[in-house]
Amino acid sequence: MRAQPDPSASEGHAQTGSLQFVLKARLLMRLYVNIDHVATVRQARRTDEPDPVRAAVLAELGGADGITVHLREDRRHVQDRDVRILMETARTGINLELAAASEVLALAEAWRPMQATLVPEKREEVTTEGGLALDTPDARRHVAAAADRLKAAGIRTSLFIDPDPEAVRASVQMGVDAVELHTGEYANTRGAERDAQLGRLRRAASLGRSLGLAVHAGHGLTYENVTPVAVVPEIEELNIGHSIISRAVLVGLERATREMAEILRRARA
Ligand code: PXP
């Protein structure tokens with residue numbers, strides 16, 4: 001199996017505490033392209049096209065820093081075969097999204113992607129609807145057990161959480177490397193409510209960073225709404241899927257990725 005890149009060697013994972021970190025943190029933002037919806041189109045006909053593996057190549061050519069796939073328990077879009085081949089062929093790192101309880105955990109331990117992000121999963125949902133529930137000791141134990149397995153396998157581990165201080169602090173307690181802040185409520189609101197959601201994201205990002213976590217963000221981000229999130233200095237990685245794949249249907253995935261990467265570059269300039 002092709003070795004996944006070492007995240008600590010990547011520019012975006014610069015060490016804290018140095019001037020170099022401060023400069024890079026201000027300048028760099030990794031774009032991870034979520035290619036689930038390429039698989040959604042394929043599964044609509046249960047055929048073999050379009051192939052997410054080919055899509056990953058185009059996203060990388062367009063400037064993606066990594067590829068994200070969510071292997072759901074119900075396998076509604078991405079299939080085991082996709083992740084297996086991506087692990088062999090991606091030139092960047094794979095961020096595997098998975099549910100804490102699923103049998104996908106054992107697959108992640110065997111595949112050892114560069115990064116794994118634990119997400120909540122409900123069968124009836126259209127897409128991931130919120131961050132992980134971390135508000136009870138049982139819920140925290142459940143997520144911590146999964147995170148411990150991933151960490152023991154040497155996988156950089158992230159938790160998809162709501163942008164709230166309690167969730168950030170609970171994540172720190174679990175010793176994970178990163179949190180991905182859920183931007184869905186920011187994306188779904190307008191006007192003053194959106195400003196309030198942005199403030200919530202900023203505070204959570206700042207708290208997470210100050211407590212030693214790498215801070216990622218994603219969900220519902222588009223070409224139109226991404227910039228205010230991309231300028232938050234503590235956020236170092238964005239996971240964006242639906243909007244890029246939607247544009248790709250019209251202009252091609254390489255160009256759609258390049259256009260998003262360019263927006264992120266301008267936001268950090
Ligand atoms: N981050 C996580 C944890 C997700 O579950 C998803 C959706 O699969 C995304 C980011 C990407 O969201 P979107 O497709 O709305 O860009």
Polar side chain donor-acceptor pair, [X] to [Y], under 3.5 angstrom:
X   : Y    : result
H70 : E121 : yes
T68 : N95  : yes
T92 : E60  : yes

Within the structure provided, determine whether [X] and [Y] are in side-chain contact (heavy-atom separation under 4.5 Å).
X    : Y    : value
Q115 : H216 : yes
E193 : E185 : no
N239 : E180 : yes
I263 : Y223 : yes
L132 : L118 : yes
I244 : L31  : yes

Mind listing the closest non-hydrogen atom pair of [X] and [Y] along with its distance?
X    : Y    : value
M87  : W111 : CE-O, 2.9 Å
A56  : I35  : CB-CD1, 4.1 Å
H182 : P163 : O-CD, 3.6 Å
A108 : L98  : CB-CD1, 4.2 Å
D177 : T157 : OD2-N, 2.8 Å

Distance-only, no hydrogens or angles: does the [X] side chain make a donor-acceptor pair with backbone N or O of [Y] under 3.5 Å?
X    : Y    : answer
R202 : V232 : no
D74  : R76  : yes
R140 : L134 : yes
T183 : G218 : yes
D162 : G131 : yes

Can you say whether the rings of H37 and H77 are parallel (under 30°), tilted (30 to 60°) or perpendicular (over 60°)? perpendicular
Assess whether salt bridge (Lys or Arg N to Asp or Glu O under 4.0 Å) is satisfied between E103 and R75, documenting all intermediate values. CA-CA 12 Å; E103 98 292 357; R75 304 298 197 273; 2.6 Å; yes
Both conditions, 6.0 Å and 45 degrees, for the charged tip of R194 above the ring of Y186: are they met here?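 Yes, R194 lies over the aromatic ring of Y186.
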When you look at R265 and E262, which way does the salt bridge (Lys or Arg N to Asp or Glu O under 4.0 Å) test go after all the steps? CA-CA 5 Å; R265 199 195 59 72; E262 179 57 20; 3.0 Å; yes
Kindly determine whether R209 and E234 satisfy salt bridge (Lys or Arg N to Asp or Glu O under 4.0 Å), including the steps that lead there. CA-CA 6 Å; R209 188 65 252 171; E234 293 88 356; over 6 Å; no
Only residue of D82, D48, D51 satisfying side chain to side chain donor-acceptor pair (under 3.5 Å) with R42 is D82
